[in-house]
Amino acid sequence: MPLSELVRVILLVFAAVTCVVIGDTAGKLMTSGGVDPFFVAWSRFALAGLVLLPFSGLTRDEVPELFRWRILLRAAAIAAGVSCILTALRTEPLANVFGAFFIGPVVSYVLAMIFLHERPTLWRSLLLALGFLGVMLVVKPGFGATPGMGFALAAGTFYGGYLVMTRTVAGAHRPRFLLISQLLIGSALLTPLGVTGELPAFDMRLSLLVALSAGASACGNFMLVIANRTAEASLIAPLVYSQLISATVLGVLVFGDWPDGWSLLGLVLIALSGIGSLWASHKRALPGLRP
């Protein structure tokens, strides 16, 4: 991939994941205040779907495409991932949750090799292994691990599957169709859980947080769909690591959450893994250089 195109993809993915973090920050403000995570997840999908449906360009001929198994599985994966990460954010710091969430690129990398037949490289495999070590330092399995971090790992696993499923359908469907499909299907799947629990009392603050959660997340996922049309899933995977920057900054500014020593080391290793993976991808694109 030419350097200029790589830079464009980097900026696009960073903007996308920052929007997602903003949406999840709004979600944490709600869930940590006692709002049911499933309600937050459902409202995110339902509101975004309602607002964006008139602009989606959805046609009668495309409606049957909503029931194709790849489209359904992709939407189910992101709905499950969002529900899990909002559950994790209820009790855990923002940066730590996203650190554990980065099991997702490892899952995406492995699934892309198995199902999309994308060729692995030694350097990229080693760097993702470094990122996995960082995730383990954040999660601390067996050494103070909490149920919240377990939900964060589950969210990352679902998200890795979502990234690969997006890659499989991105070339066959319009980005706006892919976005509206995950919103409509996700809201339908989450409705039984989202509206059957105790509903919060709405005020201006909660209404703004619901709107921010839905709008920022929808924008982020739309940009990610566009990125997947021009780059391999195995390249998008390490780019998503840039989410750590936004998550750490917003965690400190909004919640005053500073990672502990081990978690900070894990976050640094995850970031180094992402930077190294980008370097490996760029070198691979240059003549005569193969990491």
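Heavy atoms only: backbone and side chains are in, while hydrogens, waters and symmetry mates are out. A quick note: this is a predicted structure, and the numbers were derived from the prediction, not measured.
The distance from the CG atom of L179 to the CG atom of L58 is 11.5 Å, given to the nearest 0.5 Å. Rounded to the nearest 0.5 Å, atoms CG (L208) and CG (D203) are 9.0 Å apart. For the atom pair C84 SG and F158 CZ, the distance stands at 5.5 Å (nearest 0.5 Å). Atom-to-atom distance recorded for E92:CD and T146:OG1 is 3.5 Å, nearest 0.5 angstrom. In this structure, CG in L72 is found 12.5 Å from CD in Q182, a value given to the nearest 0.5 Å. To the nearest 0.5 Å, atoms CG (D257) and OG1 (T248) are separated by 10.5 Å.
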Exercise for the section: Give the intermediate values and the outcome of side chain to side chain contact (heavy atoms under 4.5 Å, CB included) for residues I78 and Y159. Expected result: CA-CA 6 Å; I78 191 62; Y159 190 68; 4.0 Å; yes

Practice task
Show your reasoning for whether side chain to side chain contact (heavy atoms under 4.5 Å, CB included) applies to L116 and R167.
Solution key: CA-CA 9 Å; L116 305 185; R167 180 62 180 168; 3.5 Å; yes

Exercise for the section: Before giving the answer on side chain to side chain contact (heavy atoms under 4.5 Å, CB included), spell out for L264 and L137 the whole-Å C-alpha distance, their side-chain angles and the decisive distance to 0.1 Å. Expected result: CA-CA 9 Å; L264 184 60; L137 288 175; over 6 Å; no

Practice task
Given side chain to side chain contact (heavy atoms under 4.5 Å, CB included), test L52 with R176 step by step and report yes or no.
Solution key: CA-CA 9 Å; L52 295 179; R176 284 187 297 164; over 6 Å; no

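Relative orientation of the W42 and F39 rings is tilted, given thresholds of 30° and 60° on the angle between their planes.
E65 and S181 share no donor-acceptor pair across their side chains, judged by distance under 3.5 Å alone. A donor atom on one side chain and an acceptor atom on the other are not found under 3.5 Å apart for E118 and Y109.
The two residues P37 and T87 have their closest heavy-atom pair at CB-OG1, 3.7 Å. Considering every non-hydrogen atom in both C19 and M223, the closest pair reads SG-CE, 3.7 Å. Of all heavy-atom pairs spanning L184 and S187, the tightest one is O-OG, 2.9 Å. Nearest heavy atom pair, residue M30 against residue V210, reads SD-CG2, 3.6 Å. Residue I270 comes nearest to G131 through the heavy atom pair CG1-O, 3.6 Å, listed as atom of the first residue, atom of the second, then distance. Among all heavy-atom pairs drawn from G34 and R90, the shortest one is O-NH2, 3.7 Å.
A 4.5 Å side-chain heavy-atom check between L73 and R70 finds every atom pair outside the cut-off. Within the 4.5 Å cutoff, the side chain of V35 has heavy atoms near those of the L206 side chain. At a threshold of 4.5 Å between non-hydrogen side-chain atoms, the residues L86 and F151 do not count as touching. The shortest side-chain heavy-atom distance between I85 and F98 falls under the 4.5 Å cut-off. At least one side-chain heavy atom of L153 sits under 4.5 Å from a side-chain heavy atom of V135. Considering only heavy atoms from C-beta on, V82 comes within 4.5 Å of F45 through its side chain. Side-chain contact check for T166 versus R74: some heavy-atom pair is nearer than 4.5 Å. A 4.5 Å side-chain heavy-atom check between F255 and T25 finds at least one atom pair inside the cut-off.
Hydrophobic clustering (side-chain heavy atoms under 4.5 Å, transitive across Ile, Leu, Val, Met, Phe, Trp, Tyr) keeps L47 apart from F55. In the hydrophobic clustering of ILVMFWY residues, with side-chain heavy atoms under 4.5 Å counting as a link, F202 and L212 come out together. L50 and L189 are not part of a single hydrophobic cluster, where members link through side-chain heavy atoms under 4.5 Å apart. Transitive grouping of hydrophobic side chains (ILVMFWY, heavy atoms separated by less than 4.5 Å) keeps L244 and W258 in distinct clusters. Under the 4.5 Å side-chain heavy-atom criterion for Ile, Leu, Val, Met, Phe, Trp and Tyr, V252 and L267 are members of distinct hydrophobic clusters.
Of the possible polar contacts, one joining the R44 side chain to the G23 backbone as a donor-acceptor pair under 3.5 Å is found. The closest donor-acceptor contact from the side chain of S217 to the backbone of V20 lies at 3.5 Å or more, if one exists at all. Remark: side-chain polar atoms of S43 are paired, donor with acceptor, to backbone N or O of V40 under 3.5 angstrom. Side-chain atoms of S83 come within 3.5 Å of backbone atoms of A79 as a donor-acceptor pair (strictly under, hydrogens ignored). Remark: the backbone N or O of M113 is not paired with any side-chain donor or acceptor of R119 at under 3.5 angstrom. Under a 3.5 Å cut-off, the side chain of D24 and the backbone N or O of G27 do not form any donor-acceptor pair.
Using a 4.0 Å cut-off between charged nitrogen and carboxylate oxygen, R174 and E62 count as a salt-bridge pair.
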